[in-house]
Amino acid sequence: MTSAAASPVRVRFSPAPSGELHVGSARTALFNWFEARHIGGSFLLRIEDTDASRTREEWIDAIGDTLGWLGIDWDEPPVRQSTRADAYLAAAEQLLASGHAYETFETPEELEAINAERKEAKLPPGYDGRGRELTPEQRKALAAEGRPRTIRFRTPDTGTSSFVDLVRGPVSVEWATISDFVIVRSDGKPLFFLANAVDDIAMGITHVIRGEDLLDTTHRVLALRAALGDTEPPEYAHLPLILRADRAKLSKRHGAVAVEDFRARGILPEALLNYLALLGWSPGDDREVMTRDEIVASFSLEHVTKSAAVFDEKKLEWMNGEWIRRLDRGELAARVRPLMIERYGAGVTEDLLDEVVAIAQERATTLVSIVEQSDFLFVTEENFSIDDDAWQRVVNAERGRDVLNAAIAHVEKCDWTVDAIDLRPAISDLGMKPGKVMFVLYAATEGRAAGLPVFDSIHLLGRERALGRLRAARERLA
RNA sequence: GCCCCCAUCGUCUAGUGGCCCAGGACGCCGCCCUUUCAAGGCGGUAACGGGGAUUCGAACUCCCCUGGGGGCACCA
């Protein structure tokens with residue numbers, strides 16, 4: 001037995017590049033990374049692109065970008081499985097030679113027939129092992145017919161496969177329920193199980209941390225490793241799945257599931273990382289808003305939960321608001337700037353950006369909400385409009401016209417500072433409670449009944465534009 | 001159909017036999033503050049799926065049921 005110091009922890013995140021990075025995958029990546037950084041081990045990246053038909057180059061780059069955005073770094077150059085076919089095929093040959101695997105020659109139609117039979121017999125889909133005892137001559141003859149050749153791993157007929165999962169404890173299954181599975185396809189390409197086993201051995205992976213959807217495959221991979229001569233299998237930790245609100249699996253068909261979707265919506269990486277860390281893990285105390293470093297310091301697979309977790313976007317947004325408040329103003333401005341420029345173009349000056357951020361930071365929940373709330377500053381006067389609900393409230397207000405008149409009179413002659421613009425005294429003079437009628441001013445100047453603090457907004461708008469909008473509202477009301 | 005995993009407030013979770021007639025957070029509701037509100041403060045609502053067993057004592061252990069999820073293919 002080697003000591004812990006002699007065998008440092010090595011974990012890997014191994015996405016299949018068949019789309020944008022899903023939050024579930026991101027969570028898996030995060031937990032691996034947390035474990036590595038907590039222990040001081042290595043975090044590696046492996047691109048599982050053995051299935052060329054599902055792989056797209058741009059997804060590979062996109063995954064790297066997304067991980068980078070989250071602040072995840074990796075310690076060695078990523079391994080591309082598509083470049084390692086020789087190693088997998090060599091392993092397959094080794095298994096063939098040792099009798100752990102064998103060649104079969106069924107056509108797709110024949111396999112379908114086998115599955116139909118098995119279904120009839122109430123057996124799980126799979127293979128019936130009919131090719132196991134073919135003689136070399138028979139195999140040669142079958143191949144000569146031009147039949148597809150695959151390589152299958154011979155699973156035990158009896159006995160039990162078991163391993164101890166770091167989060168679930170002992171897990172076992174009867175071998176009789178697992179049929180011989182394909183490790184090399186008829187097109188000569190290796191399959192997941194083989195590539196996985198070979199690479200985990202080659203990369204010296206010590207801890208496999210992945211989603212619970214892969215729990216059952218562990219028995220196969222372990223058998224494969226043993227057949228390949230491996231004597232030091234890694235530890236396995238299967239993370240609970242992330243579910244939608246209706247407890248169905250989180251999928252791309254319903255709402256945002258890609259990390260990039262949340263990024264586009266103005267979720268901060270700090271917040272998403274923090275939220276994801278708490279889906280299936282807790283520090284064991286009451287802390288919730290935690291920095292990456294705090295999470296790394298406290299992380300332990302022992303505190304990983306066993307049951308599936310529902311992804312709660314409301315809580316994510318709350319947490320995002322917490323993070324928006326924690327950033328210093330300059331940093332927040334830097335995060336908002338690109339979104340502002342994308343949306344409003346050159347009109348976004350540094351001064352304006354800085355002021356918008358200053359007044360929005362206290363209440364915002366997403367970056368995008370800050371951008372949206374400041375739209376009234378960038379719209380031209382011709383295009384400025386008040387949304388229908390807000391206007392209806394103004395129309396229904398008892399003394400909307402009086403409020404507008406008072407505001408106009410004040411704004412016409414007051415000093416141009418936020419403090420001087422304060423319209424509360426003018427409204428109080430009318431005998432009204434400012435808080436009750438302020439929405440009239442929000443509607444007139446910002447176009448909606450609620451938004452960024454209105455005195456600051458008027459200040460930002462400038463006297464002429466603000467007066468123009470207030471007067472326009474007064475006229476429209478007449 | 002077969003196999004595997006899971007089960008505390010609506011949601012994320014704390015809880016590892018007495019500290020629990022179950023704690024925190026989000027959400028929701030109410031009140032307060034207030035320049036609207038998506039912010040802040042205070043308070044409230046709300047859970048151990050059911051049944052057995054073990055024990056002086058069970059949310060915590062065991063069994064059964066129920067429920068939820070996952071896997072099984074030449075996807076990963």
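Lettering follows sequence order; numbering is per chain, from 1. All figures in this text were calculated on a predicted structure; none of them were measured in a lab.
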[X] side chain: which of [options] is closest?
X      : options             : value
A/V173 : B/A38, B/C3, B/G1   : B/C3
A/A309 : B/U36, B/A25, B/C12 : B/C12
A/E322 : B/G15, B/U8, B/G40  : B/G40
A/P148 : B/G15, B/C74, B/A76 : B/C74
A/P124 : B/A39, B/C72, B/U11 : B/C72
A/T177 : B/C3, B/G24, B/C74  : B/C3
A/S369 : B/C74, B/A14, B/A38 : B/A38
A/T365 : B/A38, B/C6, B/C74  : B/A38

Will you find, in the side chains of A/R118 and A/S179, an N or O donor that is under 3.5 Å from an N or O acceptor?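 No, because no side-chain N or O of A/R118 sits under 3.5 Å from a partner of the opposite role on A/S179.
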With a 3.5 Å cut-off and no angle check, do the side chains of A/D49 and A/S82 form a donor-acceptor pair?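 Judged by distance alone, the side chains do pair up.
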Check ring-ring contact (aromatic ring centres under 6.0 Å, His included) between A/H219 and all other residues, then give those that pass, not counting sequence neighbours.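 A/H219 satisfies ring-ring contact (aromatic ring centres under 6.0 Å, His included) with A/F163 only.
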Residues in ring-ring contact (aromatic ring centres under 6.0 Å, His included) with A/F193, at least two apart?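 Listed in chain order: A/F181.
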With sequence neighbours left out, which residue pairs that include part of residues 425-446 of chain A fulfil the side-chain hydrogen bond (donor to acceptor under 3.5 Å, both in side chains) condition?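 side-chain hydrogen bond (donor to acceptor under 3.5 Å, both in side chains) check on residues 425-446 of chain A returns A/E446-A/S457.
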Quick one: is [X] getting a side-chain N or O under 4.0 Å of the [N] phosphate, OP1 or OP2?
X      : N     : answer
A/R220 : B/A76 : no
A/R448 : B/U36 : no
A/T50  : B/A76 : yes

Using atom C1' of each nucleotide, how far apart are B/C28 and B/C9 to the nearest Å?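 The answer is 12 Å between these two C1' atoms.
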I'd like the P distance from B/C3 over to B/U11, given in whole Å.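 Nearest-Å result for B/U11 against B/C3 at atom P: 29 Å.
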Scan A/D456 against the nucleic acid and name what it touches under 4.0 Å (heavy atoms): base, sugar-phosphate only, or nothing.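 The residue A/D456 makes base contact.
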Please encode protein proximity along nucleotides 59-70 of chain B as a string of B, S and -, counting only heavy-atom distances under 4.0 Å. ---------SSB
Could you list all N or O pairs between the protein and nucleotides 27-30 of chain B that sit under 3.5 Å apart?
none

Can you say whether the rings of A/H238 and A/Y236 are parallel (under 30°), tilted (30 to 60°) or perpendicular (over 60°)?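 Taking A/Y236 first and then A/H238, their aromatic rings lie parallel (interplane angle under 30°).
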Whole-Å distance separating the CE atom of A/M319 from the P atom of B/U13: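 These atoms are roughly 12 Å apart.
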On RNA chain B, compare the nucleotides closest to A/F455 and A/E106; which residue's is nearer the 5' end?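 Checking each residue's closest nucleotide, the 5'-ward one belongs to A/F455.
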Under the 3.5 Å rule, do the base of B/A38 and the side chain of A/Q373 count as making a donor-acceptor pair?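 Check passes, donor-acceptor contact within cut-off.
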Looking only at N and O atoms, is any donor in the side chain of A/S186 or the base of B/C74 less than 3.5 Å from an acceptor on the other one?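 Under the 3.5 Å cut-off, the side chain and the base do form a donor-acceptor pair.
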Can you sort out the partners of A/R399 under salt bridge (Lys or Arg N to Asp or Glu O under 4.0 Å), two or more places apart, ordered by chain and number?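 Salt bridge (Lys or Arg N to Asp or Glu O under 4.0 Å) check on A/R399 returns A/D402.
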